[in-house]
Asks: 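I am attaching a structure below and will ask some questions about it afterwards.
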Amino acid sequence: MAFKHKHLIDINEYSAEDLMTILETADSFRAVNERRVKKVPTLRGFTVVNMFNEPSTRTRSSFELAEKRLSCDTLNFGGSSTSTVKGESLDDTVATLCSYKIDMIVVRDKHAGVPRKVAEKSGVHVIDAGDGKHQHPTQALLDLYTIWKHKGSFEGLKVGIIGDIGHSRVCGSLIPALKKMGAHVTLIAPNTLLPARPDVLGADTVTTKLDEVLPELDVVYMLRIQRERLEGAPYPSLREYSMLYGLNRERERLMKPDAIVCHPGPINRGVELDSFMADHPTHSVILDQVYSGVLVRMAVLYLLLGGSEDENPA
Ligand code: CP
């Protein structure tokens, strides 16, 4: 059966069953990525534009790799090297790209809502690769995949998301995704880094006290302080923030022995994570998350571009 979605823009439009289909499809692509010739002809003839109007290391590189490993033609586009700096509008830019008979646009933009606008204007498949403070659906999917592979299931799993929740697009997708899969989600942050109405994010609990909840957590998900999105100073100093909310050698003693530590990257080492925890041989799964990014992006490209849910694409 063909996958029923045309776009991946808002994770709230996906059911738990849809999310599981993506995780299982991602898992089937593991074999492709672990053999000598890491390429299948599955999407030969399709053209995907990666339109990144904001910096990215992980998302951009893993989309490009995922496309190439599926044999798509890819066009990398965006930022200060385009005619948007000469005043060309988003609509005209999209119309120009669509003249090339493309099949999909992957969009990262600092403004919330741009992927939806691109979908409306272009008529082709669109994947949101992170828009403003709104959503980052493929990040949530790679996080789900990593947690699933390490923990086996989501039901009743205790996940704590710690840090700059108010400025996080990762939270916009990850919290609803975890809730759909049956996890229990706690948000942990100083009040100044929470949105005005944290309840609307859909987590089960919200607290300012990391040390009280850390011993219960199966998944410790650290967020980066989004310095580029801060207005004013929401805490006295990075040192004080790190003392109260940073994950470090001292706090490791409070954690469950089998708790995993996730971070979407890039890490501010010494702020939300010290190097002991970021590189911890058993707790840290941060590089697994990066690898999962290729797998889930291959799965999403395959399913949205017409792949069947029922056959093994690898
Ligand atoms: N997690 C994430 O989106 O990282 P990049 O900004 O490097 O893509």
Side-chain angles (χ1 to χ4, degrees), residues 8-11 22-23 26 48-69 74-81 104-115 118 126-147 149 159 161-178 193 219-230 247 260-269 271-273 277-279 284-301:
L8 175 56
I9 295 176
D10 183 345
I11 207 92
I22 296 170
L23 302 193
V48 178
V49 174
N50 300 314
M51 191 167 85
F52 278 64
N53 295 321
E54 204 191 34
S56 166
T57 296
R58 279 146 287 268
T59 313
R60 185 175 179 155
S61 58
S62 59
F63 262 114
E64 190 177 344
L65 266 185
E67 290 150 12
K68 288 181 169 161
R69 288 181 181 178
T74 67
L75 180 62
N76 293 313
F77 176 89
S80 59
S81 64
M104 177 181 272
I105 308 180
V106 177
V107 185
R108 168 163 293 193
D109 204 281
K110 68 179 177 187
H111 300 294
V114 168
V118 170
V126 169
I127 300 177
D128 180 348
D131 63 323
K133 291 192 270 182
H134 178 225
Q135 289 235 4
H136 195 347
T138 56
Q139 178 68 45
L141 287 165
L142 74 85
D143 294 333
L144 286 189
Y145 182 84
T146 307
I147 294 169
K149 293 309 280 184
V159 182
I161 303 179
I162 298 135
D164 189 359
I165 289 154
H167 299 96
S168 171
R169 58 187 169 213
V170 173
C171 280
S173 298
L174 181 59
I175 297 168
L178 285 166
L193 288 178
V219 179
V220 182
Y221 195 105
M222 304 305 294
L223 291 171
R224 181 173 69 90
I225 295 288
Q226 312 271 309
R227 294 188 225 197
E228 71 277 25
R229 296 195 196 115
L230 294 182
L247 200 62
I260 59 169
V261 174
C262 299
H263 191 297
I267 301 169
N268 288 316
R269 281 183 188 251
V271 182
E272 67 268 8
L273 275 177
M277 291 309 299
D279 305 327
S284 175
V285 298
I286 295 166
L287 290 177
D288 290 354
Q289 289 173 273
V290 176
Y291 177 50
S292 303
V294 178
L295 305 181
V296 299
R297 288 172 178 129
M298 286 175 83
V300 171
L301 289 160

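Every value quoted in this text rests on a predicted model; they were computed, and no experiment measured them. Both counts, for ligands and for their atoms, begin at 1 and track the order of listing.
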Asks: Strictly distance-based, threshold 3.5 Å: is any side-chain N or O of S284 a donor or acceptor partner for the main-chain N or O of D279?
Replies: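 Flag not set: sc S284 to bb D279 has no pair under 3.5 Å.
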
Asks: Who's touching ligand 1 if we go heavy atoms under 4.0 Å?
Replies: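 Correct list: S56, T57, R58, T59, R108, H136, Q139, P264, G265.
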
Asks: Donor-acceptor check, side chain of D109 to backbone of N53, threshold 3.5 angstrom: yes or no?
Replies: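 It does not hold such a pair.
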
Asks: Taking the six-membered ring of F52, is the NZ or CZ of R108 close enough (under 6.0 Å from the centre) and on axis enough (within 45°)?
Replies: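 Because its charged atom misses either the 6.0 Å distance or the 45° angle limit, R108 does not stack over F52.
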
Asks: Do Q139 and D143 have side-chain N/O donor and acceptor atoms under 3.5 Å apart?
Replies: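 Yes, D143 and Q139 have a side-chain donor paired with an acceptor closer than 3.5 Å.
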
Asks: Is there a side-chain contact between L193 and I225 (heavy atoms, below 4.5 Å)?
Replies: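 L193 reaches I225 side chain to side chain.
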
Asks: Among all residues two or more places apart in sequence or in another chain, which pass the salt bridge (Lys or Arg N to Asp or Glu O under 4.0 Å) test with D10?
Replies: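 D10 satisfies salt bridge (Lys or Arg N to Asp or Glu O under 4.0 Å) with no residue once adjacent residues are dropped.
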
